[in-house]
Amino acid sequence: MNAIQSRLDIMKPSYMEEASAKRRENILSELQKKAAQAIVNVFETGRPRGDYGKVTYHPKDPGQLTYGRSHTTLASGNLYLLVRDYCAAPDAVFGPNLYIYMDRLANRDRSLNFDERLRALLGEAGQDPVMRDSQDRFFDRVYWEPSLISANNIHITSALGISVIYDSRVHGSWQRLRDLTTDHMGNPSQVGEKAWIQAYVRRRRDWLAQHSNALLRKTVYRMESFKSLMDQGQWNLELPFMVRGVRIDASMVLDAPVRVSAQEPEAARVLRLHTPALCGNDVLRLQEALCRAGHTVAVDGVFGPETARAVQAFQKASGRLKVDGIVGPATRAALGFDD
């Protein structure tokens, strides 16, 4: 069997292969999956968890504007798909602001590369837990799951081997380098998985090093990092390990902390003089507390000048509060009604 026929055979679709691809999802543990993805996150953003708000643009990057945890680009159309998913989420904080860009994103409008407002919105949206969830789901669907199918098609089962394929799908030109490797030495079933992955990494490194795009030549570190892991025998991606000087351990690949307050909106309100006047039960309770502290004020639930003066008097008498007439957490606590 020649190399061309071998390559054609491994690419033939079949129901058996599709069923096997479904089973592939369970071959890697969740920790191995996150470790594999963390490697690519380090390549893309320098962080094992990735940088969900990272926005970059270089005039020589064929992908043009790039965003998020992994390689989502304007030119590929994937940036449009990601933003569409995010805007469709009911709790997307920046959804309404980003929605106005949908048509231009869909048309891959190159002027968006220089739209500072869009870049700022994308950066801020990266802090929204809804965007982070949208990105995780998107990258799984667009890059990770196809990588599992590609691995299944050529019988790659190791965590490191699948990570190499995932990196190539994110970075680009996986099929081209896969075919060149198979044409040269046969498929993994013939030569063995480890030998094939090692050959693929060498070939891809050489291809990147000699590429006409000077920016791509600078990305040979990706293949060199994989070679280092192979030299260490890290085929199962057993934690911890190092990639480009970054330590990847369990604490780095587990779910990132979610920065969201559990504060009740009513309790979090800062009370002060305002037009129109602030009204409500919290103002009523403030006035009752001021009365208990010996200050004369009408208990009517309206924060007016009289209430502001009473607050200032209380703050001054305390000797340790800022005398500004504003009721924030410190003044609430001193008055004893912060719950």
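Treat the numbers as computed from the prediction; the structure is a model and nothing was measured.
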Trainee: In plain terms, say whether E224 and R205 are close enough for a salt bridge, that is, a side-chain N and a carboxylate O under 4.0 Å apart.
Mentor: yes

Trainee: Could you report the tightest heavy-atom contact between A334 and R320, atom names first, then the distance?
Mentor: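 Looking at all heavy atoms of both residues, the closest pair is CB-NH2, 4.3 Å.
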
Trainee: Quick check on side-chain contact (heavy atoms from CB on, under 4.5 Å): which of T45, D133, D136, L122 does Y52 satisfy it with?
Mentor: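 It is D136, the one option of T45, D133, D136, L122 that forms the side-chain contact (heavy atoms from CB on, under 4.5 Å) with Y52.
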
Trainee: Should R117 and I100 count as side-chain neighbours, where that means a heavy-atom distance under 4.5 Å?
Mentor: yes

Trainee: Under the 3.5 angstrom rule, does the side chain of R132 hit a backbone N or O of G126 as a donor-acceptor pair?
Mentor: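 Indeed, once roles are kept as given, a pair shorter than 3.5 Å links the two residues.
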
Trainee: Are L284 and V327 grouped together when hydrophobic residues (ILVMFWY) are joined by side-chain heavy atoms under 4.5 angstrom apart?
Mentor: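 No, L284 does not connect to V327 through the hydrophobic network.
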
Trainee: Grouping I, L, V, M, F, W and Y whenever their side-chain heavy atoms are under 4.5 Å apart, do I197 and L180 come out in a common cluster?
Mentor: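 In one cluster with I197: L180, yes.
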
Trainee: Would you say the side-chain atoms of W196 pair up with the backbone N or O of M185, donor to acceptor, closer than 3.5 Å?
Mentor: no

Trainee: Can you tell me how far apart NE2 (H155) and CD (E193) are? Round to the nearest 0.5 Å.
Mentor: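 Separation between the atoms: 11.0 Å.
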
Trainee: Are the side chain of Q135 and the backbone N or O of R69 linked by a donor-acceptor pair below 3.5 Å?
Mentor: yes

Trainee: Give me each pair satisfying salt bridge (Lys or Arg N to Asp or Glu O under 4.0 Å) with a member in residues 158-177, each pair once, sequence neighbours excluded.
Mentor: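 Residue pairs passing salt bridge (Lys or Arg N to Asp or Glu O under 4.0 Å), neighbours aside: D167-R222.
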
Trainee: Ignoring hydrogens and geometry, is there a side-chain-to-backbone donor-acceptor pair from T66 to Q64 under 3.5 Å?
Mentor: yes

Trainee: Going hydrophobic residue to hydrophobic residue with side-chain gaps under 4.5 angstrom, can you get from M102 over to V130?
Mentor: yes

Trainee: Atom CH2 of W144 and atom NZ of K33: how far apart are they, to the nearest 0.5 Å?
Mentor: 7.0 Å

Trainee: Would a distance-only check, ignoring hydrogens and angles, find a side-chain to backbone donor-acceptor pair under 3.5 Å from Q32 to N236?
Mentor: yes

Trainee: Taking the six-membered ring for Trp, are the ring centroids of F94 and Y86 within less than 6.0 Å of each other?
Mentor: no

Trainee: Within the side chain of N113, is there an N or O that forms a donor-acceptor pair under 3.5 Å with the backbone of L65?
Mentor: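 Indeed, once roles are kept as given, a pair shorter than 3.5 Å links the two residues.
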
Trainee: Centres of the W174 and Y200 rings: under 6.0 Å?
Mentor: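 When the ring centroids of W174 and Y200 are compared, they turn out to be within the sub-6.0 Å range.
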
Trainee: If you measure from CG on L286 to OG1 on T331, what distance do you get to the nearest 0.5 Å?
Mentor: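 Rounded to the nearest 0.5 Å, the CG-OG1 separation comes out at 9.0 Å.
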
Trainee: Hydrophobic clustering (ILVMFWY, side-chain heavy atoms < 4.5 Å, transitive) - are M223 and Y221 grouped together?
Mentor: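 Shared cluster, yes.
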
Trainee: Could you walk me through whether R119 and Y57 pass the side chain to side chain contact (heavy atoms under 4.5 Å, CB included) check?
Mentor: CA-CA 10 Å; R119 293 165 70 105; Y57 170 71; 3.6 Å; yes

Trainee: Just to verify, which of R272, H295, Q312, Q287 counts as forming a side-chain hydrogen bond (donor to acceptor under 3.5 Å, both in side chains) with T307?
Mentor: Q287

Trainee: For residues D206 and V220, determine if any side-chain heavy atom of one lies less than 4.5 Å from a side-chain heavy atom of the other.
Mentor: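 They are not in side-chain contact.
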
Trainee: Do V42 and P48 have side-chain heavy atoms sitting under 4.5 Å apart?
Mentor: yes

Trainee: Tell me, do L28 and I162 make a side-chain contact under 4.5 Å, heavy atoms counted?
Mentor: yes

Trainee: Under a 4.0 Å N-O cut-off, is there an ion pair linking R141 with D85?
Mentor: yes

Trainee: Any donor and acceptor pair, going by atom type alone, linking the side chain of T72 with main-chain N or O of N78 inside 3.5 Å?
Mentor: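 Flag not set: sc T72 to bb N78 has no pair under 3.5 Å.
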
Trainee: Between V302 and L335, is there shared hydrophobic-cluster membership here, with clusters defined by ILVMFWY side-chain heavy atoms closer than 4.5 Å?
Mentor: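 No; tracing contacts between hydrophobic side chains, which count when under 4.5 Å, never links both residues.
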
Trainee: Counting C-beta onward and ignoring hydrogens, is there a side-chain heavy-atom pair between I156 and V164 closer than 4.5 Å?
Mentor: no

Trainee: Working to the nearest 0.5 Å, report the span between CZ of F303 and CG of D282.
Mentor: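 Rounded to the nearest 0.5 Å, the CZ-CG separation comes out at 10.0 Å.
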
Trainee: Any heavy-atom pair between the side chains of L239 and F241 that's under 4.5 Å?
Mentor: yes

Trainee: Return the CG to CZ distance between D140 and R137, rounded to the nearest 0.5 Å.
Mentor: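 Here the interatomic distance stands at 9.5 Å.
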
Trainee: Salt-bridge test for K227 and D231: reply yes if a basic N is under 4.0 Å from a carboxylate O, no otherwise.
Mentor: yes

Trainee: Go through it in stages, so that I can follow the logic: the residues are V201 and R204, the test is side chain to side chain contact (heavy atoms under 4.5 Å, CB included), and I'd like the CA-CA distance, side-chain angles, deciding distance and then a yes or no.
Mentor: CA-CA 5 Å; V201 166; R204 187 175 178 90; 5.9 Å; no

Trainee: For S158 and K194, run side chain to side chain contact (heavy atoms under 4.5 Å, CB included): C-alpha distance rounded to whole Å, both residues' side-chain angles, the deciding distance at 0.1 Å, then the answer.
Mentor: CA-CA 9 Å; S158 68; K194 292 182 180 180; over 6 Å; no

Trainee: Taking the side chain as every heavy atom from C-beta outward, state whether R104 and S111 have any pair of such atoms under 4.5 Å apart.
Mentor: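 Counting from C-beta outward, R104 and S111 do come under 4.5 Å.
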
Trainee: Would you say Q234's side chain and E238's backbone share a donor-acceptor pair under 3.5 angstrom?
Mentor: yes

Trainee: Please identify each residue that fulfils ring pair (Phe, Tyr, Trp, His ring centres under 6.0 Å) with Y143, with sequence neighbours left out.
Mentor: F139

Trainee: How far does NE2 of H211 sit from OG1 of T219, to the nearest 0.5 angstrom?
Mentor: 9.0 Å

Trainee: Specify the closest pair of heavy atoms between G46 and V246, including all atoms of both residues, with the distance to one decimal.
Mentor: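 Nearest pair, atom of G46 first, then V246: O-CG2, 3.9 Å.
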
Trainee: I'd like to know whether I149 forms a side chain to side chain contact (heavy atoms under 4.5 Å, CB included) with N152, so could you lay out the CA-CA distance, the side-chain angles of the two residues, the decisive distance to 0.1 Å, and finally the verdict.
Mentor: CA-CA 5 Å; I149 293 172; N152 180 74; 5.6 Å; no

Trainee: Evaluate the side-chain proximity of V93 to E124: yes if any heavy-atom separation is below 4.5 Å, no if none is.
Mentor: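 No, too far: nothing below the 4.5 Å cut-off.
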
